[in-house]
Amino acid sequence: MTLIRDDGVVLRTQKLGEADRIITLLTRQHGRVRAVARGVRRTKSKFGARLEPFSHVDVQFFSRGEEIVGRHLALCTQVETISPYGGRIVADYPSYTAATAMLETAERFTENEGEPAVQQYLLLIGALRTLAAGEHAPSLVLDAFLLRSLSVNGYAPSFDDCAKCGLPGPNRFFSIQTGGVLCHDCRVPGSVVPSPETMELLGALLSGDWETADACEERHCREGSGLVAAYVQWHLERGLRSLKYVDRLPGPVSRAGRS
């Protein structure tokens, strides 16, 4: 029997029996982990409210063996809140839908339980923190998170130099299948021709240039969001269910949107 302590983000929960839940977390040291939290659905539970999606928590697991992932699910025995992002995120619908898509993306990119995924974990923490603070439009934060998740998992798209021959940009054509922009000689059937402003926006989101991203016009944000969604779903090989619910409409913080 082993006690393991780690910090993580709650990705989702599932009911188990009459009062328990299976909690899926993305942790700093152990990657994606599933554990049983006993009695958390009872009104008198000491830490049930701390184990809700979007919560950043310090958690202790009780495992049968030296590894946290094995034949039996670990038992969650203690939880302390580090940052309660969920309370601020769920109060704003665009932020809530964007954050839900982030959680699903993080889970999909960490399919092997117990394998550390520190970069993905840090990306998720940073994105949730930004959403909760309301620093940028939720749709832009989501697109930045999706692009950077692709990058840390080896699928970084090119928005300037040709993805096939490396010809310095700007280049006009964009192909999801070949990894980004293409020059005239390398273009393939099915390539699209986004606006230069859209390519500049996507490059800014990938690099963290928020001054450029925040100043982008709505029509370019719409076009960029469509390209990002298509690119992510191509590389994940199946769609993200939560993307269709993302609120891309203009709001008080954002002028970004996608039909």
Side-chain angles (χ1 to χ4, degrees), residues 97-98 101-102 104-111 117 119-120 123-124 126-127 136-250 254-259:
T97 55
M102 291 176 187
E104 184 182 356
T105 300
E107 184 170 2
R108 293 281 295 279
F109 273 124
T110 54
E111 289 192 340
Q119 288 182 297
Q120 186 68 66
L123 275 178
L124 182 58
H136 307 285
S139 59
L140 291 180
V141 177
L142 171 60
D143 288 340
F145 172 79
L146 295 175
L147 289 171
R148 295 176 194 179
S149 293
L150 286 162
S151 180
V152 300
N153 285 281
Y155 306 116
S158 172
F159 298 122
D160 190 40
D161 297 345
C162 177
K164 291 187 71 175
C165 71
L167 181 72
N171 289 289
R172 295 183 54 205
F173 304 95
F174 186 88
S175 170
I176 293 169
Q177 296 87 337
T178 51
V181 293
L182 300 171
C183 65
H184 184 274
D185 292 337
C186 293
R187 62 176 177 170
V188 297
S191 298
V192 296
V193 186
S195 67
E197 293 84 357
T198 297
M199 291 295 95
E200 183 181 15
L201 166 65
L202 295 181
L205 291 174
L206 182 58
S207 66
D209 180 2
W210 284 104
E211 183 177 356
T212 297
D214 288 336
C216 189
E217 295 182 14
E218 179 186 332
R219 59 194 173 110
H220 303 310
C221 294
R222 290 179 182 272
E223 185 177 38
S225 291
L227 292 176
V228 172
Y231 197 89
V232 169
Q233 296 189 78
W234 169 268
H235 285 287
L236 286 176
E237 297 182 353
R238 62 184 190 274
L240 290 170
R241 292 174 297 175
S242 53
L243 270 185
K244 63 183 177 182
Y245 300 111
V246 171
D247 187 344
R248 300 285 193 178
L249 298 177
S254 170
R255 299 165 305 166
R258 179 170 65 87
S259 299

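The chain is numbered in sequence order, starting from 1.
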| What class does the angle between the rings of W210 and H136 fall in, given that below 30° is parallel, 30 to 60° is tilted and above 60° is perpendicular? | parallel
| Can you check whether M102 reaches V141 side chain to side chain, under 4.5 Å on heavy atoms? | yes
| task | Output, in order, the C-alpha distance, side-chain angles, deciding distance and verdict of side-chain contact (heavy atoms from CB on, under 4.5 Å) for Y155 and V232. | result | CA-CA 9 Å; Y155 306 116; V232 169; over 6 Å; no
| said: Checking C221 against S139 for the side-chain contact (heavy atoms from CB on, under 4.5 Å) test, could you report, in this order, the C-alpha distance in whole Å, the side-chain angles of both residues, the deciding distance, and whether it holds? | reply: CA-CA 9 Å; C221 294; S139 59; 5.9 Å; no
| What distance do R108 atom CZ and S242 atom OG have between them, rounded to the nearest 0.5 Å? | 9.0 Å
| field | Reference residue R148; test side-chain contact (heavy atoms from CB on, under 4.5 Å); the match among N153, D143, L205, L123 | value | L123
| What are the two closest non-hydrogen atoms of S151 and L206, and how far apart are they? | CB-CD1, 4.2 Å
| query | Taking atom CD of Q177 as the centre, does the number of heavy atoms from other residues, nucleotides or ligands within less than 6.0 Å exceed 12? | reply | yes
| task | Look only at the side chain of S191 and the backbone of V188, and say whether a donor-acceptor pair between them is shorter than 3.5 Å. | result | yes
| remark: Paired with L147, the side-chain contact (heavy atoms from CB on, under 4.5 Å) test is passed by just one of L202, L142, L227, namely L202
| message | Closer than 3.5 angstrom, by distance alone: can the side chain of Q120 be matched with the main-chain N or O of V152 as a donor-acceptor pair? | response | no
| message | Looking at R172, I want to see if its CZ is surrounded by more than 12 non-hydrogen atoms of other residues, nucleotides or ligands under 6.0 Å. | response | no
| field | Pair V181-F173, side-chain contact (heavy atoms from CB on, under 4.5 Å): steps then yes or no | value | CA-CA 5 Å; V181 293; F173 304 95; over 6 Å; no
| query | Can you tell me how far the CZ atom of R187 sits from the CG atom of N171, to the nearest 0.5 Å? | reply | 12.5 Å
| request: Any chance you could measure L124, atom CG, to T110, atom OG1, to the nearest 0.5 Å? | output: 9.5 Å
| field | Separation of D185 CG from L167 CG (nearest 0.5 Å) | value | 8.0 Å
| said: If you define the side chain from C-beta out and look only at heavy atoms, does anything of P196 sit under 4.5 Å from P170? | reply: no
| query | To the nearest 0.5 Å, how far apart are CG in L236 and OH in Y231? | reply | 11.5 Å
| said: What's the separation between atom CZ in F159 and atom CG in D161, rounded to the nearest 0.5 Å? | reply: 12.5 Å
| Heavy-atom donor-acceptor pair, E197 side chain to H220 backbone, under 3.5 Å | no
| note | Heavy-atom nearest pair, F174 first then S158, reads CE1-O, 4.3 Å
| request: Provide the closest heavy-atom pair for A163 versus G180 in the form atom of the first, atom of the second, distance. | output: CB-N, 4.1 Å
| Please walk me through it: do L201 and T198 pass side-chain contact (heavy atoms from CB on, under 4.5 Å)? | CA-CA 5 Å; L201 166 65; T198 297; 5.5 Å; no
| remark: Between I176 and A230, the two heavy atoms sitting closest are CD1-CB, 3.2 Å
| Pair R219 + E223, salt bridge at N-O below 4.0 Å | no
